[in-house]
**Student:** 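I have a structure here, written as structure tokens, and I will follow up with some questions on it.
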Protein chains: 2
Amino acid sequence: MYYTKILGKTLRDVPQSIRTPSHALLHRGGFVRQMGQGLFSFLPLGMRVLQNIQRIIAEEMGALGGQEIYVPVVTPSDIWRRSGRLTWISELVPFRDRHGRELVLSPTHEEAFVELVRVALSSYREMPLFLYQFQIKFRDEERTKDGLVRTKEIYMHDAYSFHRSYHDLNNFFPKTFTAYKRVFDRCGIETFAGEAGVGYIGGEKSYEFLMPTEAADHAIILCDKCQYCASKEVAVGGKRYLREEEQTLEKVHTPGCTTIDNLAEFLNVPRERTAKSLVYNTPRGLVMAVVRGDYELGLEKLSGYLKVPAYRPATDEELAAAGLVPGYLSPIQVDQRIRVVVDDAVARSNNLVFGANQVDHHLINGNFRRDFDTPDVTDIALTRDEKICLQCGGVLREIQALEVGHIFKLGDYYTRAMNLTYQDERGASIYPHMGCYGVGLGRLMDAVVRSNHDQRGILWPDSLAPFQVYLMSVGRSLSVKKTAEDLHEELGDRALYDDRSDSPGVKFNDADLIGIPLRIVVSAKHLGEGKVELKERRSGAIHLVALDQISRAVDDLSARPPGGSGEIRG
Amino acid sequence: MYYTKILGKTLRDVPQSIRTPSHALLHRGGFVRQMGQGLFSFLPLGMRVLQNIQRIIAEEMGALGGQEIYVPVVTPSDIWRRSGRLTWISELVPFRDRHGRELVLSPTHEEAFVELVRVALSSYREMPLFLYQFQIKFRDEERTKDGLVRTKEIYMHDAYSFHRSYHDLNNFFPKTFTAYKRVFDRCGIETFAGEAGVGYIGGEKSYEFLMPTEAADHAIILCDKCQYCASKEVAVGGKRYLREEEQTLEKVHTPGCTTIDNLAEFLNVPRERTAKSLVYNTPRGLVMAVVRGDYELGLEKLSGYLKVPAYRPATDEELAAAGLVPGYLSPIQVDQRIRVVVDDAVARSNNLVFGANQVDHHLINGNFRRDFDTPDVTDIALTRDEKICLQCGGVLREIQALEVGHIFKLGDYYTRAMNLTYQDERGASIYPHMGCYGVGLGRLMDAVVRSNHDQRGILWPDSLAPFQVYLMSVGRSLSVKKTAEDLHEELGDRALYDDRSDSPGVKFNDADLIGIPLRIVVSAKHLGEGKVELKERRSGAIHLVALDQISRAVDDLSARPPGGSGEIRG
């Protein structure tokens, strides 16, 4: 490929709106262009990287017996109504066609896969069934991220497995886990896995593949001693309970104290002596969650405990309709139709300040069991980094990481909701248990660049590089030009040939920025001996290679794993 | 691949809603499933066919120097506003994200490609620039067709070329023409090319690749003598002009005569002695088109003449606002702000009946030039099959054909509208001229089945078949089973192994229905001689092949072009 002909040349600068270094490198190198908020195009160089990622994923899925299919990105609303998610997912875009049919621009594809399997499954012998696709998702995100990390249109790989039992799902799960780990290894990034929240995908358990990096979108809780690792939204840690002699419950006047900070200051008590109550919508009605004032509510923990998503805070109107007073919510004497879930730090501490469910009033010295009660006591508070590891007593710390893959044990939620069954050998009707698995290809490309670059540009792993060789010549001698042309011909689609008339410095800089693993320079200096210079982008190692050995040298050096180094054979 | 494990088994029957034979075969064979109106999923077998089609297209595009890219299917409204098409295209779905940003679910990608090239093009040396993608379109069609022919979500290949001049575009065009012709040849269908309307894509000229078939979506005008061929919407043909001695223009009372049929009957004149006037919205205001009563208006011809689309009939309100009386429209004494385009059969006939622009009244003996005038006289009537070929005088006939590809000479409409320029060698700012090219992959798959099936099922061409071999065994002997398993192992991904315990008859029928080119039957009868039966699905030819020659025989037979036959070598 002639570099002069390719669409998307290197750029010296990036627009001010591009702040993330990985996005800047991909923009400057001519890999991607942004078309709108969260909407990206891939230029020819970026497309080649994307296709390499896709090939690796398809190979690993095929090795697991995965069957590739296609379900549409626009799906009938009806399947979302049957799963119950039509109203839960705020990122979902519903619309009507000209005939008034209700459609959805799908943010994820559980419903579509279940629906396809429902109409196409013919025997228990097809299970375990492992299906995958590469397809677009559209998510109307509240906040997109700079670059390819959280876009609205997502070119995504997703896979769904169907099993005869939860036990079978559990047995299959480690295989997909290993396959995804291998995908990331082959893409040249180191990941670790951590338990994560399930979000609107739902299910019993989920794990994320995480890559530590700055300016990422995930807070992770890590224990350096025992390697405990989990997304902050579901991580567990030790808590300090506050117990003292019980005092009498008393209503006090707290004018305008609608926040914990105001309240603590006004009453001159520490925040951990207060409790805050939050009310959420769930598919089973309003739920009140009560955590101590020094903690944040963990929505994923709450949803996980409820087994349905707490998807939206109640509005003031919804609170009023339930007899609740916004700003002064309280679990004490609350309407019995509202389910109350209490964090263990609230239940096991005492003499806390609660709202009085009356404007400008609170209750002090509130105590669980004595003043209010519920069977729902569990951990629903976000773990902080100073907390103690529950597994080993070590100190937990919080780091930033990028999620590059997410896998879920869904169980039989979707198959029950959407009535997907099969008959087993004995004629019994069974709801399959599902797993689901997803990797955003653009996000993964961004992660690769975050982990594979230096000050001069990108360092593509051999497995993903758009070309194996960046070919260029120095000087205007006809024989140099002719040799470069001949090598281009010989290397074919393995080489990007910089045939510009620019200075060697410009070409060297662009070669480093674009990050192709090998660079060949044809110059008069070495051509006299019948040799050219071959440089490894990552290690900087330089080889002088005889012209008739070039093709072999390129293949030998490209076969090595990313980051490796070694002598040229032959 | 074990047939017992694959999702999507054969079916005996199809739902009543499936009427097209090709759709029925694809449904019964386990290739596709419909998820909603115009929304399709591809099962594993169908996906393999789709990928084979995609590979062929990508190879042909690569051979032409095409660069593969990705532009999003959701695009900012702004680019559609700049091209002017935001309001023209009724198939376009506009929506707003949660922040109120205006987006479009793209029915086509001219705007997105122009926008990408606008921000990424860096030099005239990049031209001619030939870009392509495989990407989804969503078209909110007025009427979808049964099956894969006209769906709402379309998995499509589209390509766009950018040239330094219209002359260069004209030189490049035959190359893409040949490449697409080769794509269809390689997919095993015979196509011919005809001039076609440009529709909302616009541009100067377009050609369709057509496959004659029943129940298709296109009417084609053909001359058997000179091979003239064009879509009915743009085909030209000889017309008979009606001239007689001029009579005096006269207003007559025609109560309730708002249709040509009513009018002709009431006045007792043949339809060809009447004229009908139709008013359309265009980006440049209302346009009145006048054709003789015995012709239909050709909207594509009108739009082609105007060089902007006549995209919607004027409503009664819009007519009234322009001083026009619905049902009695007339070019005679029409408001001068309304452009009038007159078909040549109206201009060159005389003493016709026109509306009087007054309820219940018409004018008889109207004559062009004498009673009304316009510089815009051209052919805007649909050609009928009894007309005379303008090229050779032969008889034209109308046939049904399926469009499988459509290529356009766009010219510089989009680059001007969206301000895409480059600087040439002399520093002049130039608007590139564009071509665009599109193939719907599902539609092409449907066309292949229409042209490649018999009463028993599909006859996949080697190039597209999901597997090369359908492998099965007859009888319960352990050595037969073992041999079949060994052959499955040896043939690997080339074979679909029917490992069911069903009767040979069931397996034979399913093999024929699915349409894999070669069928291998392992049976005790031939195994004694160390041979198996290899049958060609298309020709029915049967070969007895030694076990150690199977792999070679499969490759030899698969290498032949679709439909060929021959002896096994070696």
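Atom set for the values below is all heavy atoms of this structure, side chains included, hydrogens, waters and symmetry mates excluded. This structure is a prediction, so every number in the text was calculated from the model and none was measured. Labels below follow one simple rule: chain letters A, B, ... track the order of the sequence lines, proteins then strands, and each chain is numbered from 1.
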**Student:** Between B:Phe113 and B:Tyr414, is the ring centre distance below 6.0 Å?
**Tutor:** no
**Student:** Given a strict heavy-atom distance threshold of 4.5 Å, which part of A:Met1 is in contact with chain B: side chain, backbone, both, or neither?
**Tutor:** side chain
**Student:** Under a 4.5 Å heavy-atom cutoff, which of B:Ile79, B:Val71, B:Leu116 has the most pairs with chain A?
**Tutor:** B:Leu116
**Student:** Can you find a heavy atom in the side chain of A:Val93 that is under 4.5 Å from one in the side chain of B:Leu105?
**Tutor:** no
**Student:** Does any backbone or side-chain atom of A:Thr151 lie under 4.5 Å from a heavy atom of chain B? Answer side chain, backbone, both or neither.
**Tutor:** neither
**Student:** Considering only heavy atoms, which portion of A:Phe95 lies under 4.5 Å from any heavy atom of chain B: side chain, backbone, both, or neither?
**Tutor:** side chain
**Student:** Centre of B:Phe467's six-membered ring, under 6.0 Å away, within 45 degrees of the axis: is that where NZ or CZ of B:Arg48 sits?
**Tutor:** yes
**Student:** Under a 4.5 Å heavy-atom cutoff, which of B:Glu115, B:Arg101, B:Glu141 has the most pairs with chain A?
**Tutor:** B:Arg101
**Student:** Between A:Ser123, A:Pro76, A:Gly62, which shows the greatest number of heavy-atom pairs under 4.5 Å with chain B?
**Tutor:** A:Pro76
**Student:** Is any side-chain heavy atom of B:Tyr422 closer than 4.5 Å to one of B:Val117?
**Tutor:** no
**Student:** Let me know if B:Val73 has heavy atoms under 4.5 Å from chain A in its side chain, its backbone, both or neither.
**Tutor:** both
**Student:** Identify which part of B:Leu43 has an atom lying under 4.5 Å from any heavy atom of chain A, answering side chain, backbone, both or neither.
**Tutor:** both
**Student:** Relative to chain A, which segment of B:Thr75 carries a heavy atom at a distance below 4.5 Å: side chain, backbone, both, or neither?
**Tutor:** both
**Student:** Are A:Phe42 and A:Tyr155 an aromatic pair by the rule of ring centers under 6.0 Å?
**Tutor:** no
**Student:** Against chain A, work out which of B:Pro128, B:Ala120, B:Ala112, B:Pro72 has the most heavy-atom pairs shorter than 4.5 Å and name it.
**Tutor:** B:Pro72
**Student:** Indicate the atoms forming the closest heavy-atom contact of A:Met127 with B:Lys5, along with that distance.
**Tutor:** O-NZ, 3.3 Å
**Student:** Go through the atoms of B:Glu68 and report whether side chain, backbone, both or neither lie under 4.5 Å from a heavy atom of chain A.
**Tutor:** both
**Student:** Is the shortest side-chain heavy-atom distance between B:Val506 and B:Arg500 below 4.5 Å?
**Tutor:** yes
**Student:** Regarding B:His109 and B:Gln135, is there a side-chain donor-to-acceptor distance under 3.5 Å anywhere?
**Tutor:** no
**Student:** Under a 4.5 Å cutoff for heavy-atom pairs, which residue among A:Gly36, A:Gly46, A:Ser122, A:Gly30 has the most contacts with chain B?
**Tutor:** A:Ser122
**Student:** Would you mind checking which part of A:Leu129 comes under 4.5 Å of any heavy atom in chain B, side chain (CB onward), backbone (N, CA, C, O), both or neither?
**Tutor:** side chain
**Student:** Are the side chains of B:Tyr132 and B:Ile57 in contact, using a 4.5 Å heavy-atom criterion?
**Tutor:** no
**Student:** When only pairs under 4.5 Å are counted, which of A:Glu91, A:Glu142, A:His99, A:Arg98 shares the most heavy-atom pairs with chain B?
**Tutor:** A:Arg98
